[in-house]
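I have placed the structure first, in the form of structure tokens, so that the comments after it can refer back to it.
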Amino acid sequence: MSWIDIGHIDELPLRGARLVKTHIGCIAVFRTAETEVFAATNSCPHKGGPLSEGIVHGQSVTCPLHNWVFDLNTGEAQGADDGRIITYPVRLEDGRILLDDSAITRRSAA
Amino acid sequence: MKQRLVVIGAGMASGRVLEHLTDAAPGAFDITLFNVEPRGNYNRIMLSPVLSGEKTYEEIVTHDDAWYAERGIACRFGERVSKIDREMKVVEGANGHVPYDKLVIATGSNPFIIPLPGHDLDGVIAYRDLEDTQQMMDMGPGNKVVVIGGGLLGLEAAAGMAAHGVDVTVVHIMGHLMERQLDEAAGYLLKKSLEDKGIKICLQANSKEILGQDGKVRALLLDDGTELPCDLLVMAVGIRPNTALAQDAGLATGRGIHVDDQMLTSDPDVYAVGECVEHDGEIFGLVAPLYDQAKVAAQSLMEEEAAFAQKTLSTKLKVTGCDLFSAGDFADGPGREDIVFRDPSRGVYKRLVIEEDRLVGAVMYGDTADGSWFFGLIKDGTNIDEMRETLIFGPAYQGGDTADPLSAVAALPPEAEICGCNGVCKGDIVEAINAGAGDLGAVRASTKASASCGTCTGLVEQVLQVTLGDDFQMPTAQPICGCTDLTHEDVRRLIKGQELKSQAAVWQELGWKTPNGCHVCRPAINYYLLADWPLEYQDDPQSRFVNERKHANIQKDGTFSVVPRMWGGITTPEELRAIADAADKYNVPTVKVTGGQRIDLLGVKGEDLPSIWADLNQAGLVSGHAYSKGLRTVKTCVGTDHCRFGTQDSTGLGIKLEKFLWGSWTPHKLKLAVSGCPRNCAEATCKDIGVVCVDSGYQISIGGAAGMDVKETELLCQVPTEDEAIEVVMAVTQAYREGGKYLDRLYKWLGKVGMDWVKAQVVEDRENRAALVARFELSQSIYRKDPWAEHVKEKAQTYAPIADFTLEAAE
Ligand SMILES: Cc1cc2nc3c(=O)[nH]c(=O)nc-3n(C[C@H](O)[C@H](O)[C@H](O)COP(=O)(O)OP(=O)(O)OC[C@H]3O[C@@H](n4cnc5c(N)ncnc54)[C@H](O)[C@@H]3O)c2cc1C
Ligand code: SF4
Ligand code: SF4
Ligand code: FES
């Protein structure tokens with residue numbers, strides 16, 4: 001694994017998200033608590049809703065288009081809905097947000 | 001020959017090293033001990049009880065003169081070591097050299113001083129040693145002190161001084177106190193207890209400058225212009241390992257002095273312990289690990305085998321009456337599950353964080369009796385799967401049921417107001433029940449509670465249930481969402497009655513079952529708080545649906561639509577040109593005239609929003625709030641200006657209304673229209689509020705809709721003048737804002753409270769009408785402004801990605 005510094009935690013609103021643009025699509029980076037971040041694909045498996053625009057609560061995000069709720073730990077849709085988003089390793093070090101480079105480079109997991 | 005040991009720093013860590021050494025191998029070393037402070041080792045963490053007056057300095061001395069004398073330790077107190085010469089193996093003190101065979105560096109850390117202008121004024125201090133403590137103890141009633149930093153140290157300093165009657169204000173940059181150890185809910189409870197002790201607390205406050213007079217501190221100036229006068233300013237914003245000496249001597253340092261598991265530095269004859277070291281990437285700020293380090297260092301000096309390992313830490317705050325406990329890791333990391341328990345009546349909050357059947361973190365406030373049990377489970381990595389269901393109730397718990405959903409109501413004090421219309425408090429209702437009122441009707445008859453608008457019905461029923469127990473059958477009510485058992489109406493009343501002014505307060509006092517709500521309750525609570533406490537509560541964009549957060553409507557393809565306001569549907573050639581230019585410049589695919597008499601630019605990219613707004617602002621155009629649960633449009637006809645049937649200036653009134661009402665938030669969207677005569681070209685009778693002009697004045701009707709439901713308005717009243725029409729419209733809007741359930745259109749609210757009630761409130765009772773208008777205007781003093789201009793100025797960068805890797809050349 002190699003980590004890429006994408007910014008400072010203070011650039012993310014508490015219980016909000018921002019985008020990381022990559023050649024393989026947009027990644028949403030979520031701040032769920034003062035010092036807690038998650039990363040996942042920005043696109044909702046239902047109809048492509050932008051998850052970075054959703055309401056962030058607990059360790060979940062609600063898609064802004066039709067309210068599917070995803071657990072950011074596992075990426076699984078909660079409740080009756082069936083679907084999954086890809087999550088990426090991300091961590092905090094001294095306030096810097098470090099994203100695993102698998103999130104931004106085209107490299108098959110094989 | 002005896003080995004010569006020199007120790008730099010007589011603090012808590014080196015104190016332990018010396019104890020171990022002189023106990024296990026008395027006389028093995030010739031020891032010299034240097035210390036900058038003119039005294040030996042004392043229990044630094046007990047400075048807080050000394051400050052508050054619960055202990056004296058003498059009581060916290062760890063090693064006195066006799067102790068050092070018995071062990072033959074040569075004390076060089078009040079003497080700073082200025083240099084270590086590793087080649088010659090000597091340290092240089094102010095009063096001469098001392099050679100060593102082995103050296104221990106234990107220089108602790110330095111308090112961090114924010115380099116604000118004025119930080120070097122007299123009366124600006126840190127909180128680290130006895131001298132600092134003494135300066136704080138010199139303050140008394142009549143003195144004002146500002147403490148920067150709402151962490152452990154800052155709060156202990158504040159509480160200590162408050163105990164002497166000092167007027168203390170804590171300025172903290174984050175959104176809640178002790179954010180490193182506590183989550184929001186516990187931070188909220190802590191703030192409340194400290195405020196009860198008379199300490200003022202400013203959160204999210206940025207210090208800008210320290211103001212002085214004649215070289216002495218006078219006040220702290222904040223970013224927002226607030227000036228906090230003070231006689232003493234204490235900075236408690238963190239510590240930095242004191243590595244200067246080691247660094248000058250060429251030892252390996254990072255954030256701290258690098259040591260291995262034996263506490264050995266990069267020099268085989270030099271050890272380091274305490275807050276000055278860095279071990280395995282970590283630095284230290286609590287004594288528990290330092291004691292472990294001290295033991296290992298002593299063993300290493302005696303050539304015994306030992307290794308230092310880091311452990312999970314727990315924190316307590318040494319402020320009487322503030323019972324908090326935090327251990328392990330309650331943030332960060334995948335695969336975590338929360339268990340939350342709140343007991344509002346006792347001010348208790350507990351949260352456990354579980355990962356893969358193990359407890360990894362615990363935060364507690366109010367009742368920390370089980371803290372060490374939880375801490376044990378964390379340290380030992382015990383599998384808790386078996387007791388997961390009851391874990392939060394602690395070791396004593398066996399079986400039984402979960403928290404009582406009625407506890408929020410049970411916890412209300414007798415003077416808490418339940419019925420706002422008739423000013424009935426809980427005590428009155430309980431009294432009526434005890435006097436024989438056994439159901440809702442009887443309570444209504446004897447107290448009037450819930451007899452008017454009726455939104456407090458649910459709460460009155462809960463008071464019945466709490467008072468009568470099983471003798472009262474609760475009708476089932478629909479709670480807001482899975483986070484609570486309370487209904488919208490209950491929560492609204494309780495926010496008012498209990499004066500809850502933050503989301504954290506609502507979650508805690510009303511016993512929320514989740515750490516911070518969900519997408520259903522958050523927008524509702526945010527609305528209720530801003531509607532009820534316009535001055536005290538700050539709107540939380542993160543609790544809003546995307547449209548209201550971004551001030552534009554999201555479309556199904558993720559682009560946005562931009563609708564500038566056209567007051568009363570009137571525009572000018574300049575405005576139209578600016579709109580056309582913007583449409584060209586940002587490649588807007590669709591330009592549409594809306595039903596609300598304005599123009600919609602559809603298909604704007606999210607990251608272009610701030611620039612298109614800035615362009616439109618230039619032409620004087622502002623947000624049309626086409627996305628908000630708030631005032632949308634005031635549609636008008638041309639009225640007496642141009643139409644031969646017109647009876648009044650309907651366009652002018654429409655523009656005036658829109659200028660009064662714009663920017664206001666309401667439970668759901670709010671649409672108005674003004675028609676110049678009963679021919680009603682502006683379709684005023686299917687709006688939330690419609691005005692139809694007639695020769696003798698203005699007919700105001702409310703509760704129309706033209707959406708999934710189509711509804712005709714009902715007449716509220718007719719008034720003779722334009723001014724009065726505006727007044728009535730503002731008063732109805734405010735009544736709806738104060739009473740409506742979130743996401744109920746006005747007609748639904750009307751259906752619940754009834755036209756008679758509305759008439760009584762805004763038509764008949766003139767005094768009440770004026771009060772409603774005054775409250776509306778107060779709120780509008782905050783919200784009547786253009787959010788686009790504000791976002792362009794303050795938030796533009798949040799619309800762009802935080803990082804963009806498509807700009808870099810592809811691999
Ligand atoms: C008010 C207060 C309350 C606290 N409360 C708690 C608590 O509740 N729980 C907890 O776990 N921790 C608490 N701490 C933290 C704890 O006190 C420290 O972690 C601990 O004291 C660090 O020990 P140390 O030996 O590394 O450094 P220190 O105890 O700071 O000792 C270092 C000594 O080295 C001397 N020195 C520095 N440079 C030189 C030099 N060049 N020459 C000679 N001497 C030098 C200094 O004068 C100082 O006396 C508290 C701290 C403070 C200030
Ligand atoms: S509502 Fe009456 S005044 Fe207005 S345009 Fe129609 S006919 Fe004319
Ligand atoms: S009527 Fe339906 S399809 Fe048309 S804009 Fe409204 S919600 Fe969308
Ligand atoms: S697109 Fe996300 S829920 Fe429909």
Seminar exercise, completed: So, the part of A:Asp94 with a heavy atom under 4.5 Å from chain B: the answer is side chain
For this session: Would you mind telling me which of A:Leu12, A:Leu65, A:Val56, A:Thr74 has the largest number of heavy-atom pairs within less than 4.5 Å of chain B?
Result: A:Val56
Seminar exercise, completed: Max heavy-atom pairs within cutoff under 4.5 Å with chain B, candidates A:Gly58, A:Gly49, A:Ser60, A:Pro50, goes to A:Gly58
For this session: Could you check if a side-chain atom of B:Glu337 sits within less than 4.5 angstrom of a side-chain atom of A:Asp71, using non-hydrogen atoms only?
Result: no
Exercise. Just how far is it from atom CZ of B:Phe805 to atom CD1 of A:Ile24, taken to the nearest 0.5 Å?
Worked result: 11.0 Å
Exercise. Non-hydrogen atoms of chain A under 4.5 Å away: do they reach the side chain of B:Ile802, the backbone, both or neither?
Worked result: both
Exercise. Side chain, backbone, both or neither: which part of A:Leu99 has an atom under 4.5 Å from a heavy atom of chain B?
Worked result: neither
Problem set entry | Residue A:Ile27 versus chain B: region with a heavy atom under 4.5 Å | neither
For this session: Give a yes or no answer on whether the side chain of B:Asn516 reaches the backbone of A:His57 with a donor-acceptor pair at less than 3.5 Å.
Result: no
Exercise. So how far is it from B:Ser543 OG to A:Arg15 CZ, rounded to the nearest 0.5 Å?
Worked result: 6.5 Å
For this session: Against chain A, work out which of B:Gly281, B:Gly175, B:Ala800, B:Cys518 has the most heavy-atom pairs shorter than 4.5 Å and name it.
Result: B:Cys518
Seminar exercise, completed: Nearest heavy-atom approach of B:Pro801 to A:Arg18 is O-NH2, 3.6 Å
Problem set entry | Interchain contact, B:Lys550 with chain A, by part (heavy-atom threshold 4.5 Å) | side chain
Seminar exercise, completed: In terms of heavy-atom contacts, A:Ile55 and B:Arg544 come closest through CG1-O, 3.6 Å
For this session: List the steps and the verdict of salt bridge (charged side-chain N to carboxylate O under 4.0 Å, His left out) for B:Asp557 and A:Lys47.
Result: CA-CA 9 Å; B:Asp557 62 353; A:Lys47 291 192 173 169; over 6 Å; no
Problem set entry | A:Val69 portion near chain B, given a 4.5 angstrom heavy-atom threshold | side chain
Seminar exercise, completed: Scored by heavy-atom pairs under 4.5 Å with chain B, the best of A:Gly16, A:Pro64, A:Gly48, A:Gly7 is A:Gly16
Problem set entry | Greatest number of heavy atom pairs closer than 4.5 Å to chain A - which of B:His176, B:His519, B:Gln542 | B:His519
Exercise. Relative to chain A, which segment of B:Pro523 carries a heavy atom at a distance below 4.5 Å: side chain, backbone, both, or neither?
Worked result: side chain
Exercise. Are any of the side-chain nitrogens in A:Glu34 or B:Arg180 under 4.0 Å away from the carboxylate oxygens of its partner?
Worked result: no
Exercise. B:Phe560 versus A:Glu53: any side-chain heavy-atom pair under 4.5 Å?
Worked result: yes
Problem set entry | Distance in Å, A:Leu14 CG paired with B:Met174 CE, rounded so as to fall on 0.5 Å steps | 8.0 Å
Seminar exercise, completed: So, the part of A:Thr32 with a heavy atom under 4.5 Å from chain B: the answer is backbone
